[in-house]
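First up is the structure itself, then whatever we jot down about it.
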There are 2 protein chains.
Amino acid sequence: MKTSTKNKVIIVDDHLLFSQSLKFLINSFNDFEVTHSFENGKEFIQFLEQKENLDIEVDLILLDVNMPILDGLGTMMWLKENRPDYKAIALSVNNEEDIIIKMIKNGAKGYLLKDTTPTIFYDALKTVIEKGYFFTEMVSGILVNRIDNKDKKLEFKEKELDFIKRACSEKTYKEIADEMCLSPKTIDGYRENIFAKLEIKTRIGLVLYAIKNKIVCV
Amino acid sequence: MKTSTKNKVIIVDDHLLFSQSLKFLINSFNDFEVTHSFENGKEFIQFLEQKENLDIEVDLILLDVNMPILDGLGTMMWLKENRPDYKAIALSVNNEEDIIIKMIKNGAKGYLLKDTTPTIFYDALKTVIEKGYFFTEMVSGILVNRIDNKDKKLEFKEKELDFIKRACSEKTYKEIADEMCLSPKTIDGYRENIFAKLEIKTRIGLVLYAIKNKIVCV
DNA sequence: TGTTGCAAGGGGAAAATTCCCCTTTTTTAT
DNA sequence: ATAAAAAAGGGGAATTTTCCCCTTGCAACA
């Protein structure tokens, strides 16, 4: 039994209609073939951890970012830890800077949007196999942007994040203070700090910021 | 030149990687073939309106819900008005009741999530062609649910909606009153009405509701 | 013709939010 | 070991938000 010389591709994506269609597209390229596909990161990792799959050939992983159970980032972190030599390309519909940065930090060799053309897609697969990475202009732009002003991204401490999440509710600051076992005055201090950092003036502004930046989800 | 007997399918979806892959999947079915694909509703409608395309054969349209320029709902409304005999299936990643209802109200023959399996997908295509509609259990569930309590959905007047949108900002009620050329007391009246309807107690609750229900977008 | 409903506006007060300036304690860094 | 941050908490006051109860004018309607 001869194994083909095509590059072995694994798809991890919960949108079955997409992943199963994509399989057709990839199989139509004459140097790639899809060997497995999984619906989320957990299924994929469980597969990799089975003894009989330890020395399986994996040339490229296409990893959806938004998945249930275990998402793209979580899976990428596991790969970085356990299979650092595997090459993965992240696939997503949204171009949020933060998640792009995090995926690449964790070893993603590329980040493609789902509105990519099949031509560019093929180019990306090929380039990652040959050169080890493929970044579109959008991603490169974000990367250089991050080098200039690394303090652009606002960081919050754990307590602050906790407070922000609780502030996105109908609770009063006093109730939040009780929940966090802190004085209302301490909470007031958190609030003032955060307002200053974000250049906002009201709790409404904080809620809008938190939702926009996915600190809380609607 | 003989035209094949396969059902002619048109795909309208801005995610090229998806639509071009889906084309492979559909073409692998032996009674369907993709004849055209478009990146958004506007492109699709412009194509339909060209004189030479007036009597083109269109057996099925696969319509993505979220698209730039002209989205699935807008396109569906145009179809209902101008090509009421065309059969369209809506495709989406999210299962929001409101949009599902609206699509079906405007004549969609089915509503599929993108995590559908290819088998069910094929079944849907076939059933819509043969029976004229295909509803998954999820969609049927929503439909019967809507019949029971048709007043479930809260309605707002124009002024109220306008107020809600403006309330989702750092403006004070006084500033909002100025913008809307009304007395702050009138605004206070709107607010109290809305709070009662929504069973909320704070402006934060209103903002959360507005975002959740897409009255404003983040 | 009266009644009902509702949009617009008001008085007044309690509660919550926002702001500024200050103290104490704990961590961290040099 | 000591100075400098950072975290926790406080006083007090101006604004804003929230709530309840009330008046007027207008339009629909039976």
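Note: hydrogens, waters and symmetry copies are ignored here, and every other heavy atom, side chains too, is used. Letters go in sequence order (proteins before strands), and every chain restarts at 1. Quick caveat, the model's predicted, so the values are computed rather than measured.
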Kindly write out the residues that satisfy ring-ring contact (aromatic ring centres under 6.0 Å, His included) with [X], not counting sequence neighbours, or none if the list is empty.
{"X": "B:Tyr86", "answer": "none"}
{"X": "B:Phe121", "answer": "none"}
{"X": "B:His15", "answer": "none"}

For [X] and [N], give me the distance from atom [atom1] to atom [atom2], rounded to whole Å.
{"X": "A:Asn193", "N": "C:dC19", "atom1": "CG", "atom2": "P", "result": "13 Å"}
{"X": "A:Phe195", "N": "C:dC19", "atom1": "CZ", "atom2": "P", "result": "7 Å"}
{"X": "A:Arg203", "N": "C:dT18", "atom1": "CZ", "atom2": "P", "result": "8 Å"}
{"X": "B:Arg191", "N": "C:dA16", "atom1": "CZ", "atom2": "P", "result": "14 Å"}
{"X": "A:Tyr190", "N": "C:dT18", "atom1": "OH", "atom2": "P", "result": "18 Å"}
{"X": "B:Lys201", "N": "C:dA14", "atom1": "NZ", "atom2": "C1'", "result": "16 Å"}

With a 3.5 Å distance limit and no angle check, can you tell me whether [X] reaches the backbone of [Y] through a side-chain donor-acceptor pair?
{"X": "A:Asn106", "Y": "A:Lys102", "result": "yes"}
{"X": "A:Arg203", "Y": "A:Ala167", "result": "yes"}
{"X": "A:Glu43", "Y": "A:Glu39", "result": "yes"}
{"X": "A:Asp13", "Y": "A:Asp64", "result": "no"}

Margin query: Ring-plane angle category for A:His36 and A:Phe47, please: parallel below 30°, perpendicular beyond 60°, tilted otherwise.
Written below: tilted

I'd like to check the salt bridge (Lys or Arg N to Asp or Glu O under 4.0 Å) partners of [X]; sequence neighbours left out, ordered by chain and number.
{"X": "A:Asp115", "result": "none"}
{"X": "B:Asp188", "result": "B:Arg191"}
{"X": "A:Glu97", "result": "A:Arg146"}
{"X": "A:Lys105", "result": "none"}

What residues 158-177 of chain A contributes to the DNA chain D interface at heavy-atom separation below 4.0 Å is A:Lys159

To the nearest 10 degrees, the angle between the two end axes of the helix from C:dT1-D:dA30 to C:dT30-D:dA1 (five pairs per end) comes to 40°

Heavy-atom nearest nucleotide on DNA chain C taken for B:Ile204 and for A:Glu192; more 5' hit belongs to B:Ile204

Bounded by its outermost nucleotides with an atom under 4.0 Å from a heavy atom of chain B, the footprint on DNA chain D reads D:dT16 to D:dC20

Per the under-4.0 Å heavy-atom filter, residues of residues 182-189 of chain B near DNA chain C come out as B:Leu182, B:Ser183, B:Lys185, B:Thr186

Tell me which donor-acceptor pairs under 3.5 Å the side chains of residues 124-138 of chain A have, and how far apart each pair is, sequence neighbours excluded?
| unit_1 | atom_1 | unit_2 | atom_2 | d |
| --- | --- | --- | --- | --- |
| A:Lys126 | NZ | A:Asp31 | OD2 | 2.5 |
| A:Thr127 | OG1 | A:Asp123 | O | 2.5 |
| A:Thr136 | OG1 | A:Val139 | N | 3.4 |

